[in-house]
*Asks:* 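There's a structure below that I have some questions on.
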2 protein chains.
Amino acid sequence: MRNQEKDYSGVSVQALWRLPYYLNYIKSLDEAKYSCISAPIIAKALNLNEVQVRKDLAAVSNSGGKPKTGYVAKELISDLEEFLGYNSVDEAILVGVGHLGKALLSYQGFENCGLNILMGFDKDEAIIGTNVCGKQILPLDKLKDLCWRMSVNVGIITVPAKEAQMICDMLVEAGIRAIWNFAPVHLHVPDYVLVQNENLAASLAVLSKNLTESLKEK
Amino acid sequence: MRNQEKDYSGVSVQALWRLPYYLNYIKSLDEAKYSCISAPIIAKALNLNEVQVRKDLAAVSNSGGKPKTGYVAKELISDLEEFLGYNSVDEAILVGVGHLGKALLSYQGFENCGLNILMGFDKDEAIIGTNVCGKQILPLDKLKDLCWRMSVNVGIITVPAKEAQMICDMLVEAGIRAIWNFAPVHLHVPDYVLVQNENLAASLAVLSKNLTESLKEK
DNA sequence: TAGATTGTTAATCGATTAACAATC
DNA sequence: TAGATTGTTAATCGATTAACAATC
């Protein structure tokens with residue numbers, strides 16, 4: 001689920017979700033015009049509370065901000081990137097090379113976020129041996145051995161809901177430490193394995209519930 | 001962002017996120033064995049607090065549960081589906097037919113969740129006129145007219161970050177009431193338009209931060 | 001009847017927001 | 001100096017959890 005208990009270097013999960021938005025916003029600014037950036041400006045741009053942004057930045061920034069001027073934009077960008085782990089790359093493999101799996105394998109943006117998807121796995125003979133964006137698609141029985149050999153830490157699950165737990169078990173056996181789960185199911189894993197759920201159905205439910213309420217109000 | 005303020009029929013956003021997991025779990029059970037299902041059982045299966053599940057179910061269920069036995073599984077399933085709006089279909093269009101856009105256009109599961117993606121739009125001449133899974137890809141200048149004519153309420157944005165705000169403005173102009181945004185940017189919209197963000201970069205940040213902390217502990 | 005489960009009311013916990021002194 | 005912004009401490013708000021009476 002979305003809400004977890006832990007804190008990361010004094011930053012709550014909710015705050016962690018906001019950081020990429022800060023980063024994106026600051027990066028989008030004209031460097032010449034905004035060599036410095038302040039919490040109130042970011043707050044206004046992203047529709048957030050000023051104090052909230054200030055607290056988030058305080059937790060992330062190394063050098064801190066200066067009264068009246070705010071933070072040096074360049075420094076804040078690199079502090080955010082550092083904090084979000086964009087500089088240290090994690091190796092990942094993906095299981096389930098359907099439409100979504102292919103989309104994730106093809107997406108170039110993950111490398112800038114510190115994730116390198118090495119290859120895909122699938123059970124379908126028809127796509128085994130092919131490659132997607134230069135990334136090889138291999139049969140499931142090679143998974144364990146390859147993950148161990150290359151000490152892969154992250155597994156991405158894009159298989160149908162019914163197969164997700166089985167694939168999850170395989171990944172755990174292969175020494176995976178974190179799972180990015182796109183199947184709309186709760187996965188059972190040992191304590192030391194992390195699961196991050198990306199549940200489109202749940203997201204859609206929030207959207208449609210919101211929409212229904214909103215249309216009612218008219 | 002994930003957290004919003006509103007309540008939907010007494011259900012918080014956090015609770016709303018849990019409902020699809022309940023639904024999926026109950027559906028996965030053997031009907032013959034589990035004609036009735038109780039909050040404690042669901043809680044155990046999904047690693048949640050018993051009282052939390054009970055409260056969620058109480059808010060969703062029409063007939064309520066019976067002490068000792070729990071809820072009638074069939075009724076609970078249909079109550080959940082009703083509450084989540086899976087029975088009333090919203091029409092949607094998608095803008096940005098790249099890898100992710102294609103994946104979403106091709107995904108069959110959304111129909112069961114009350115979302116019907118009618119067609120895709122893109123600016124790339126090479127794919128305009130083709131179709132993905134039987135869904136036509138049209139040029140952007142047809143967007144406004146078609147959305148009005150078919151009274152489409154939902155727009156899905158799968159364009160690059162830089163173009164997202166511009167597309168968003170187009171959608172608003174086309175009378176869209178809710179936007180499912182896959183670009184990692186904050187969108188500016190009028191009050192009456194809803195935005196549901198699906199930020200993979202943010203999700204990835206949580207995962208990788210978790211992983212780093214977890215590996216440190218060793 | 002005994003026991004499991006429901007539904008509700010109260011306590012806890014944590015994130016957001018407000019207030020304010022410090023500082024460039 | 002005056003004013004904007006920082007960083008911190010306290011107040012508020014809401015979700016989760018605990019406690020307990022009601023009931024099949």
Side-chain angles (χ1 to χ4, degrees), chain A residues 1-19 21-22 26 29 34-73 75-76 79-80 202 206 209, chain B residues 1-19 21-22 26 29 34-73 75-76 79-80 202 206 209:
Chain A
M1 312 262 138
R2 279 300 138 168
N3 284 39
Q4 288 155 28
E5 328 75 30
K6 279 197 212 162
D7 261 32
Y8 316 97
S9 328
V11 173
S12 68
V13 191
Q14 287 88 332
L16 200 42
W17 271 89
R18 290 189 291 268
L19 301 185
Y21 287 92
Y22 300 163
I26 303 167
L29 295 173
Y34 291 90
S35 63
C36 278
I37 183 83
S38 72
I41 291 178
I42 297 175
K44 209 171 227 177
L46 302 183
N47 260 328
L48 296 169
N49 180 287
E50 192 183 308
V51 185
Q52 190 172 58
V53 175
R54 189 147 47 222
K55 267 200 171 171
D56 291 347
L57 295 185
V60 165
S61 170
N62 285 312
S63 41
K66 276 183 192 167
K68 180 103 172 159
T69 51
Y71 293 80
V72 178
E75 285 178 17
L76 192 51
D79 284 346
L80 277 165
V206 177
K209 196 74 195 168
Chain B
M1 311 260 141
R2 276 305 138 170
N3 285 38
Q4 288 156 29
E5 330 74 31
K6 279 197 209 161
D7 259 33
Y8 317 96
S9 327
V11 173
S12 68
V13 191
Q14 288 86 334
L16 200 43
W17 272 90
R18 289 188 290 267
L19 300 185
Y21 287 93
Y22 300 163
I26 303 167
L29 295 172
Y34 291 89
S35 63
C36 277
I37 183 84
S38 72
I41 291 177
I42 297 175
K44 208 170 227 176
L46 302 183
N47 259 327
L48 295 169
N49 180 286
E50 193 183 306
V51 183
Q52 189 171 57
V53 176
R54 191 147 46 220
K55 268 200 169 173
D56 291 346
L57 295 186
V60 165
S61 171
N62 285 312
S63 41
K66 278 183 191 167
K68 180 106 171 156
T69 51
Y71 292 80
V72 178
E75 286 178 17
L76 193 51
D79 285 346
L80 278 165
V206 177
K209 196 75 194 166

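Quick note on labels: first sequence line is chain A, next is B, and so on, each numbered from 1.
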*Asks:* By the salt bridge (Lys or Arg N to Asp or Glu O under 4.0 Å) test, which pairs, at least two apart or in different chains, include something from residues 59-69 of chain A?
*Replies:* none

*Asks:* Can you name the residues that form a side chain to side chain contact (heavy atoms under 4.5 Å, CB included) with A/Ala73, not counting sequence neighbours?
*Replies:*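 Checked A/Ala73 against side chain to side chain contact (heavy atoms under 4.5 Å, CB included); matches are A/Ile26, A/Ile37.
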
*Asks:* Quick one: A/Gln14 CD to D/dT16 P, roughly how many Å, whole number?
*Replies:*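 Atom CD in A/Gln14 sits about 10 Å away from atom P in D/dT16.
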
*Asks:* Please report the distance, rounded to the nearest Å, between CG in A/Asp56 and P in D/dT5.
*Replies:*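 These atoms are roughly 18 Å apart.
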
*Asks:* Please state how far atom NZ in B/Lys44 lies from atom C1' in C/dA4, giving the value in whole angstrom units.
*Replies:*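 Rounding to the nearest Å, NZ of B/Lys44 and C1' of C/dA4 are 13 Å apart.
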
*Asks:* Return whichever of A/Ala15 or B/Tyr71 has its heavy-atom-nearest nucleotide of DNA chain C closer to the 5' end.
*Replies:*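 Final value for this comparison: B/Tyr71.
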
*Asks:* So, using salt bridge (charged side-chain N to carboxylate O under 4.0 Å, His left out) as the criterion, who are the partners of B/Glu75 when residues are at least two apart?
*Replies:*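 Residues passing salt bridge (charged side-chain N to carboxylate O under 4.0 Å, His left out) with B/Glu75: none at all.
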
*Asks:* Under 3.5 Å, which protein N or O atoms sit close to an N or O of nucleotides 17-21 of chain D? Give each pair with its distance.
*Replies:*
| from | atom 1 | to | atom 2 | distance (Å) |
| --- | --- | --- | --- | --- |
| D/dT17 | O4 | B/Lys55 | NZ | 3.3 |

*Asks:* Could you check which residues of residues 62-70 of chain A get a heavy atom under 4.0 Å from DNA chain C? Sort them by number, please.
*Replies:*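 Those residues whose heavy atoms fall under 4.0 Å from DNA chain C, taken from residues 62-70 of chain A in numerical order, are A/Pro67, A/Lys68.
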
*Asks:* Which residues satisfy the side-chain hydrogen bond (donor to acceptor under 3.5 Å, both in side chains) test with B/Asn62, sequence neighbours excluded?
*Replies:*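 Checked B/Asn62 against side-chain hydrogen bond (donor to acceptor under 3.5 Å, both in side chains); matches are B/Asp79.
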
*Asks:* Just the rounded figure in Å: distance from C1' of C/dA4 to CD1 of B/Ile41.
*Replies:*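 Nearest whole value for this atom pair: 11 Å.
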
*Asks:* Grab the CG-P distance between A/Leu76 and D/dT6 for me, whole Å please.
*Replies:* 10 Å

*Asks:* Whole angstroms only, please: what is the CD1-P distance between B/Ile37 and C/dA4?
*Replies:*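 In whole Å, C/dA4 P lies 17 Å from B/Ile37 CD1.
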
*Asks:* Can you list every pair that meets side chain to side chain donor-acceptor pair (under 3.5 Å) and has a residue in residues 35-46 of chain A, with sequence neighbours left out?
*Replies:* none

*Asks:* If you measure from CD on B/Gln14 to CG on B/Leu19, what distance do you get to the nearest 0.5 Å?
*Replies:* 11.5 Å

*Asks:* OP1 or OP2 of C/dA15 versus the side-chain N and O atoms of A/Arg18: is any pair under 4.0 Å?
*Replies:*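 No, no such contact exists.
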
*Asks:* Could you grab the distance from atom CD1 of A/Ile42 to atom OH of A/Tyr71, nearest 0.5 Å is fine?
*Replies:* 8.5 Å

*Asks:* So what is the 5' to 3' dot-bracket string for DNA chain D, if pairs are Watson-Crick or G-U wobble with both distances under 3.5 Å, crossing pairs use [ ] and | means the partner sits on another strand?
*Replies:* ..||||||||||||||||||||||

*Asks:* What donor-acceptor contacts under 3.5 angstrom involve side-chain atoms of residues 48-61 of chain B, with partners at least two apart or in another chain?
*Replies:*
| from | atom 1 | to | atom 2 | distance (Å) |
| --- | --- | --- | --- | --- |
| B/Asn49 | OD1 | B/Val51 | N | 2.7 |
| B/Asn49 | OD1 | B/Gln52 | N | 3.3 |
| B/Asp56 | OD1 | B/Arg18 | NH2 | 3.3 |
| B/Asp56 | OD2 | B/Arg18 | NE | 2.7 |
| B/Asp56 | OD2 | B/Arg18 | NH2 | 3.3 |
| B/Asp56 | OD2 | B/Tyr22 | OH | 2.6 |
| B/Ser61 | OG | B/Gly64 | N | 2.9 |

*Asks:* B/Ser12 has a side chain; which of C/dT5, D/dT6, D/dA15 sits nearest to it?
*Replies:*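 Of the candidates, D/dA15 comes closest.
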
